[in-house]
Protein chains: 2
Amino acid sequence: MTATPETDTPTARGKRPKQGEPVIDRALSLLAVFSDRRRALTLSELARHAGMPAPTALRLIARLVAWGALERLDDGRYVVGVRLWEVASLSPRGHGVREIALPYLEDLFEVTRHHVLLAVRDNEQAVLIERLSAKDATEVAYRVGGRAPLRSTAIGLVLLAGADQQFQETILKRPPEIEPGVSEMPEGQLRRTLSDVRRTGIAMIRRSLPSRTVSVASPIFDAQGAVVASLSIVVPDGSTPPNVLAPAVRAAARAVSRNLGFQAQASTDIRTHSNG
Amino acid sequence: MTATPETDTPTARGKRPKQGEPVIDRALSLLAVFSDRRRALTLSELARHAGMPAPTALRLIARLVAWGALERLDDGRYVVGVRLWEVASLSPRGHGVREIALPYLEDLFEVTRHHVLLAVRDNEQAVLIERLSAKDATEVAYRVGGRAPLRSTAIGLVLLAGADQQFQETILKRPPEIEPGVSEMPEGQLRRTLSDVRRTGIAMIRRSLPSRTVSVASPIFDAQGAVVASLSIVVPDGSTPPNVLAPAVRAAARAVSRNLGFQAQASTDIRTHSNG
DNA sequence: CAGGGTGCTTTCAATGGTTGGAATAGTATT
DNA sequence: AATACTATTCCAACCATTGAAAGCACCCTG
């Protein structure tokens, strides 16, 4: 289009860049480069992983640093800033539920002295919102801010069981992922499990890796009766019988639900929402 | 107004907009609109508070929602999203110190059953990173993610005392702010106080509002000996003598410091850094 | 101490993503 | 029905954005 090839240098200095992506997306993709394993990154690392030239990355990063989304260390590397954390703490599904649930998590933790977890669902995974652990606790399962699968963890099964039908079907039809340490679950069994979880308000999973543990989880409801979070406890296999843990976990989850305005139903069944 | 429909149009359709601000800054200013009191906002509220036209705000927000920085509620309002919280949890000075300190905060909390606070400094304020509170605790002082002044809180004084000289001077020369509930501190007294804090590793403040409380705080050091955080306990005035609290708070803070790689010095003095 | 390598920063002309007034549709209030 | 407010779509003008190129700074290794 509009060639006009005369007298010009085909690839002169100002070569046409491809561009094409919104600036915000690029900036956000820079934030997305950070992960558990990448908490402090150099400019070139950020540029490389975000897939953009260094000058572009530098310009964007400069804006992020100016605002406080990123901070620069003495050695020149960049880390996620406190300002971003501050805004993020206003996330209702992040710190929101956490704030309300924390006292009850603490109670449960004090009594049991084992890992107490709180998670919400984000798309097809569970995001860990809180974890209380003793200093000498068993090997850590997941870290706060990390993600866990829905199908092979107790905390995830609860969230899956409480999700809208359509979403559940999508997940159910997906072929089971091979994950070491947990016994696989084909669609039929998974369906029955989810049904049980809804009926009993309890999900339970045994793991053999990274260590032999038993997880018990229970749903947290909001005022509308929707499952908004999942509360779980993880104990070394054989330490405390699951049937002793279950009532404690369910009681804690119920206490949080009540605090969120949930009125307990006559039936204990989880009502699945056909639309979410 | 100003009909002038057909024929000549001096200021035709495509009128020159002022523009002039980087896109990222605009997007970030949208995030900055959210606060403790504004956790769920409509498009027009966001546009108004961020000072931009609705269509512009909508376009930017659409990108933020697509990435997960914001989420849209059923009623059309926007809230901070879990994805943003997830990235923010990688903030070393945010969740980083929190993760390491939490077990020790829990210990202190279990023993005392009073508010236990953890904060870092961001510019001229303390940002609350963690707060453990009993369900029936006294009136809350500050919330997690919120900010507290450096000069009139125990947790802030510790951070101020450990800041670089240049910064301290800037703050010291600022006229004392009038805040109800705390006794004011002129420059001279503040200087002496900060010196005491450095020497003893303890800051103490009495408040009469919102309730009569005593706060005791102690610094947390990193491997380089810099004050990176402040640990505090807030108790109702008269409940527990401060001289009983001080050793417990200092011990907890020291335990966290050790975990950060800090080697205790012969002297207990806080070394102020001339450059930070 | 040249020489090669890596990473950070600045420059600058071309350009395409960005902009916001205007129009339209939807919703609540008078 | 009229009024007021919010949300969304449209689009032509335009300026912020872009990235190759070059310049710095700082390692290494020979």
Side-chain angles (χ1 to χ4, degrees), chain A residues 1-30 33 38 40-67 70-79, chain B residues 1-30 33 38 40-67 70-79:
Chain A
M1 52 300 261
T2 70
T4 68
E6 14 109 86
T7 71
D8 66 2
T9 53
T11 52
R13 196 178 115 83
K15 190 191 158 199
R16 317 298 133 76
K18 55 176 179 299
Q19 303 189 233
E21 207 183 359
V23 199
I24 302 191
D25 289 16
R26 294 176 171 225
L28 293 173
S29 75
L30 282 170
V33 173
R38 308 179 193 282
L41 296 160
T42 65
L43 170 63
S44 47
E45 285 172 330
L46 277 164
R48 189 163 44 249
H49 288 111
M52 64 180 77
T56 300
L58 180 64
R59 202 164 355 97
L60 301 182
I61 289 171
R63 303 315 311 147
L64 294 172
V65 170
W67 188 78
L70 297 181
E71 292 173 7
R72 189 158 202 196
L73 301 179
D74 292 338
D75 61 8
R77 291 183 304 167
Y78 297 93
V79 295
Chain B
M1 61 283 272
T2 70
T4 64
E6 57 240 81
T7 62
D8 104 33
T9 51
T11 52
R13 212 185 100 79
K15 190 189 158 202
R16 317 298 136 74
K18 56 177 178 297
Q19 304 188 229
E21 207 183 358
V23 200
I24 302 190
D25 288 16
R26 294 177 172 225
L28 293 173
S29 75
L30 282 170
V33 173
R38 309 180 192 282
L41 296 160
T42 64
L43 170 63
S44 46
E45 284 172 331
L46 277 164
R48 188 163 44 250
H49 288 111
M52 64 181 78
T56 300
L58 180 63
R59 202 165 356 97
L60 301 182
I61 289 171
R63 303 315 311 148
L64 294 172
V65 170
W67 188 78
L70 297 181
E71 291 174 7
R72 189 157 202 196
L73 302 179
D74 292 339
D75 62 8
R77 290 183 302 167
Y78 297 93
V79 295

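Hydrogens, waters and symmetry mates play no part in the numbers below; they use all other heavy atoms, side chains included. Each chain gets a letter, A, B and so on, in the order the sequences are listed, and its residues count up from 1.
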Salt bridge (charged side-chain N to carboxylate O under 4.0 Å, His left out) partners for A:R77, two or more places apart
A:D75

Among D:dT17, C:dG21, D:dA21, which is the nearest nucleotide to the side chain of B:V23?
D:dT17

side-chain hydrogen bond (donor to acceptor under 3.5 Å, both in side chains) against A:R59, all qualifying residues, sequence neighbours excluded
none

Without decimals, in angstroms, what is the distance between B:I24 CD1 and C:dG17 P?
16 Å

Set out, line by line, the N/O atom pairs under 3.5 Å between protein and nucleotides 5-8 of chain C.
from, atom 1, to, atom 2, distance (Å)
C:dC8, OP1, A:L43, N, 3.4
C:dC8, OP2, A:S44, N, 2.8
C:dC8, OP2, A:S44, OG, 2.8

Once you round to the nearest 0.5 Å, how far does OG1 of A:T42 lie from CG of A:L73?
11.5 Å

Under 4.0 Å: is that the gap between some side-chain N or O of A:R59 and OP1 or OP2 of D:dT18?
yes

So how far is it from B:L46 CG to B:L70 CG, rounded to the nearest 0.5 Å?
7.5 Å

Report the distance from atom CG of A:L30 to atom P of D:dT17, rounded to the nearest whole Å.
14 Å

At less than 4.0 Å, is any side-chain N or O atom of B:R26 found next to OP1 or OP2 of C:dT19? Yes or no.
yes

Rounded distance (Å) that lies between atom P of D:dT6 and atom CG of B:L46
12 Å

Measuring from the side chain of A:T56 (C-beta onward, heavy atoms only), which nucleotide among C:dT11, C:dG20, D:dT18 has the closest atom?
D:dT18

Report the distance from atom CD of A:E21 to atom C1' of D:dA16, rounded to the nearest whole Å.
17 Å

Looking at A:A27 and B:I24, what are the two nearest heavy atoms and their distance?
CB-CD1, 3.7 Å

Let me have DNA chain C in dot-bracket notation, would you? Count Watson-Crick plus G-U wobble pairs, both distances under 3.5 Å, and use [ ] for pairs crossing earlier ones and | for inter-strand partners.
|..|||||||||||||||||||||||||||

What is the distance, to the nearest angstrom, from the CE atom on A:M52 to the P atom on D:dG19?
9 Å

Atom pair distance, as rounded to whole Å: CD1 in B:I61 and C1' in D:dT8:
12 Å

Can you list every pair that meets salt bridge (Lys or Arg N to Asp or Glu O under 4.0 Å) and has a residue in residues 41-54 of chain A, with sequence neighbours left out?
none

Which protein N or O atoms sit under 3.5 Å from an N or O of nucleotides 26-30 of chain C?
none

From OG1 (A:T56) to CZ (A:R26), nearest 0.5 Å:
6.0 Å

If you restrict it to nitrogen or oxygen atoms, what contacts under 3.5 Å exist between nucleotides 24-27 of chain D and the protein, and what is each distance?
none

A:A50: partners by side chain to side chain contact (heavy atoms under 4.5 Å, CB included), with sequence neighbours left out
A:S29, A:L30, A:V33, A:M52

Mind checking what makes side chain to side chain contact (heavy atoms under 4.5 Å, CB included) contact with A:L43, not counting sequence neighbours?
A:A57, A:L58, A:I61, A:Y78

So what does A:P53 touch, heavy atoms closer than 4.0 Å: a base, only the sugar-phosphate, or nothing?
sugar-phosphate

